[in-house]
Amino acid sequence: MIALENIALRQGSFELSNLSLELASGEYGVLMGRSGCGKTTLLEAVCGLRNIAGGRIILGGRDVTQLPPAERGVGYVPQDRALFPTMLVREQLAFALVLRALGQSEISARVDELAELLGITKLLDRTPDKLSGGEAQRVALGRALAHRPSVLCLDEPLSALDEELHGEMCRLLDRVHRETGVTILHITHSPSEARRLAGGHFRLVDGNVTRDE
Amino acid sequence: MSAPPPSGFHVASDKPFLVGLAVLGGSYLLIIGAMVLADLVFLNYSDQPVLGPEMVRQGRYTGDEVVVSVEPDRSYYFRKGNNEAGLQLGQQRIAGDGLFQAAGDRAVLLPHANNKPITASLRPEARVMQIAVTNQVATVTTDVVHGLLWGEFIRVSGAGEPGWNGVREITDTATNQLSFAVAGATVSVAKLSLSKPNPLVQALRSRDIRFSIKLSLISCTLTTLLSLWVAVPIGYMMSRFEFRGKPIIDTLLDIPIVLPPLVVGLSLLILFRYIPEWLSDAVVYKWPAVVLAQFMVACAFAVRTMRVTFDQIPQRFEQVALTLGCNRQQAFWRVIMPQAKGGLLAAGTLAWARALGEFGPILVFAGATRQKTEVLPTSAFLELQAGRTEGMLAVSLIMIAAAVVVFVIARTLGMKRIFA
């Protein structure tokens with residue numbers, strides 16, 4: 001689950017305060033808002049990449065407000081995906097597992113499992129510059145899921161894809177959600193994209209989050 | 001629908017613009033290429049004869065014949081000046097520069113015009129008159145003053161005895177004698193011939209210059225390693241963190257770049273007056289001073305390069321790495337440094353090249369002591385001071401070669417990274 005309690009955020013002249021949001025465990029939450037309204041900032045705060053000026057962040061029942069990003073148990077897929085340019089797809093997927101000092105066999109089993117889930121088995125030995133937009137998105141998703149986080153944060157995961165891939169990626173996200181049971185916070189600026197996705201819909205308007213019923 | 005009317009609007013041709021770009025860029029490239037080429041062409045790569053004193057009297061052409069008495073059948077070296085067409089010996093006419101065998105005993109200079117200074121040169125080739133060997137040192141007596149100096153090199157050929165032929169260091173000289181070590185019995189005068197090896201061989205054989213090559217290579221490498229050691233953390237810090245006083249630090253980092261290099265050396269020298277004596281004794285005018293002087297300037301360039309490198313790597317990568325379980329240090333080593341390899345290589349190459357060319361601060365802070373603090377630019381300077389332009393050029397060519405080798409290595413490594 002994700003619970004944001006009275007979060008206050010400051011970034012230069014930009015400010016958000018008293019912001020609250022609650023997402024049940026295993027829920028698929030879509031947060032909508034115009035460009036520049038602070039969606040990405042909020043997502044970064046959840047991941048621990050940005051200090052918050054006040055309030056509490058609770059992920060999976062744990063208060064993580066003071067924890068570093070590594071210990072929050074989140075998977076983060078930024079808008080530009082940020083695949084590590086020097087690593088093979090296989091190494092990207094294994095990255096979080098290597099850091100956790102897992103055994104070789106365990107790591108390769110998990111990598112294969114993820115590749116299977118995301119349909120990227122054939123891409124494992126490629127470098128990111130040899131991937132198409134949709135493929136890169138899948139790899140970024142796989143990298144974020146590898147360490148079985150309780151929360152997955154997706155920043156505009158569909159915005160860079162062409163219309164044709166939209167539907168495919170929506171189905172994939174749905175499948176990932178069903179098979180892993182991870183709580184997903186998906187942010188988008190596009191209401192039409194939000195309508196295609198199941199789950200709880202939120203709007204960030206003028207610094208307030210409201211839940212669409 | 002009718003066709004759109006002809007607008008009458010024309011855009012000017014792109015040609016002048018493109019030609020302008022090519023001309024402006026090309027002129028610079030041309031100068032770079034010509035500069036290096038001139039060095040390569042200017043140097044005389046062939047051996048030079050050992051010559052006696054000048055035989056042409058200074059003066060002006062007055063209309064009378066300018067005559068130089070020569071020995072028939074002897075070898076002479078003629079160099080045409082600006083005002084001469086050549087040299088006439090009876091039927092024999094010498095039009096170009098070089099050695100020739102005199103056909104008569106009267107050499108007449110052929111001037112272009114009267115009332116101009118005499119600028120030609122005619123010198124006899126030194127002949128070996130006597131050879132004496134004591135304790136494996138050969139002392140060769142020549143019939144004329146040979147002008148060679150102790151520490152220079154001589155090429156011996158035609159000895160017909162093992163242990164004689166080859167390039168030998170002159171260990172002692174008198175006006176018409178020179179000594180060098182040999183490993184063999186004495187040889188006959190008639191066979192032995194002496195010549196001066198080309199400046200490149202002289203330079204590479206010289207113990208002083210060998211030392212300076214070694215010191216240059218070692219100090220530049222040390223400087224590069226030290227520079228990267230410092231440039232990586234500073235570059236990363238300046239690229240990633242915002243803190244109070246950052247603009248001041250930014251300015252400080254540029255000081256070695258904007259200061260005249262000589263002033264950097266002087267400032268170091270003055271700084272070392274204020275530190276414990278044992279430390280300043282160990283550094284000033286010794287080889288550590290060379291490294292420190294090179295480091296002060298080279299490092300500033302490495303810092304700039306590393307900072308730009310890190311600036312070009314988006315912070316997003318670290319952020320993702322942090323969420324995946326890295327701390328900052330792990331993110332730096334696992335995600336950022338692999339991407340910064342190209343920049344690291346560039347910074348290292350730049351620092352190395354800067355260090356190789358550093359002269360002013362070294363002269364002030366480390367001195368120019370042969371076999372002690374002499375690096376290649378110092379050698380070039382000392383050669384120039386001694387009036388040996390060819391020697392200076394030879395040292396310059398060694399530096400060019402060293403720089404080219406390092407650049408090629410860096411480029412090759414860089415390419416590998418790109419094509420891997």
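Only this structure's heavy atoms are used, side chains among them; waters, hydrogens and symmetry mates stay out. Quick caveat, the model's predicted, so the values are computed rather than measured. Lettering follows sequence order; numbering is per chain, from 1.
The number of heavy atoms from other shown groups lying within 6.0 Å of CD1 (B:Ile248) does not exceed 12. Within a 6.0 Å sphere centred on CD of A:Glu179, other residues, nucleotides and ligands contribute more than 12 heavy atoms. Within a 6.0 Å sphere centred on CG of B:Asp254, other residues, nucleotides and ligands contribute more than 12 heavy atoms. Dense packing is recorded around CZ of B:Phe243, with more than 12 heavy atoms of other residues, nucleotides or ligands lying under 6.0 Å away. More than 12 non-hydrogen atoms from other residues, nucleotides or ligands lie less than 6.0 angstrom from CZ of B:Arg240. Around the NZ atom of B:Lys214, the shell of radius 6.0 Å holds no more than 12 heavy atoms that belong to other residues, nucleotides or ligands. Within a 6.0 Å radius of OH in B:Tyr28, no more than 12 heavy atoms belonging to other residues, nucleotides or ligands are found. No more than 12 heavy atoms of other residues, nucleotides or ligands shown are found within 6.0 angstrom of CD on A:Glu22.
Expressed to the nearest 0.5 Å, how far CZ of B:Phe317 lies from CG of A:Asp80 amounts to 7.0 Å. Residue B:Leu324 holds its CG atom at 11.5 Å from OH of A:Tyr76, rounded to the nearest 0.5 Å.
Contact annotation for A:Ala144: only backbone heavy atoms (N, CA, C, O) come within less than 4.5 Å of a heavy atom of chain B. Heavy atoms closer than 4.5 Å to chain A are found nowhere in B:Ala331, neither backbone nor side chain. No part of A:Val77 comes within reach of chain B, as not one of its non-hydrogen atoms sits under 4.5 angstrom from that chain. For B:Gln319, the parts sitting under 4.5 Å from any heavy atom of chain A are the backbone and the side chain alike. With a 4.5 angstrom heavy-atom cutoff, A:Arg143 touches chain B via backbone and side-chain atoms both. Heavy atoms of A:Leu83 lying under 4.5 Å from chain B belong exclusively to its backbone. With a threshold of 4.5 angstrom between heavy atoms, A:Phe84 approaches chain B through its backbone and through its side chain.
Residues A:Ala70 and B:Cys326 share a closest heavy-atom pair of CB-O, 3.6 Å.
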Inset, instruction - Given side-chain contact (heavy atoms from CB on, under 4.5 Å), test B:Lys341 with A:Thr86 step by step and report yes or no. - result: CA-CA 10 Å; B:Lys341 261 185 203 154; A:Thr86 54; over 6 Å; no
Inset, instruction - Apply side-chain contact (heavy atoms from CB on, under 4.5 Å) to A:Phe95 and B:Val335, showing your working. - result: CA-CA 10 Å; A:Phe95 189 80; B:Val335 176; 3.6 Å; yes
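Within the 4.5 Å cutoff, side-chain heavy atoms of B:Val320 are placed close to those of A:Pro78.
Contact count against chain B (heavy-atom pairs under 4.5 Å) is highest for A:Arg100 among A:Arg100, A:Arg72, A:His147. If you tally non-hydrogen atom pairs under 4.5 Å between each of A:Pro149, A:Cys47, A:Pro85 and chain B, the highest count goes to A:Pro85.
The pair A:Glu44-B:Arg316 counts as a salt bridge, with a side-chain nitrogen and a carboxylate oxygen less than 4.0 angstrom apart.
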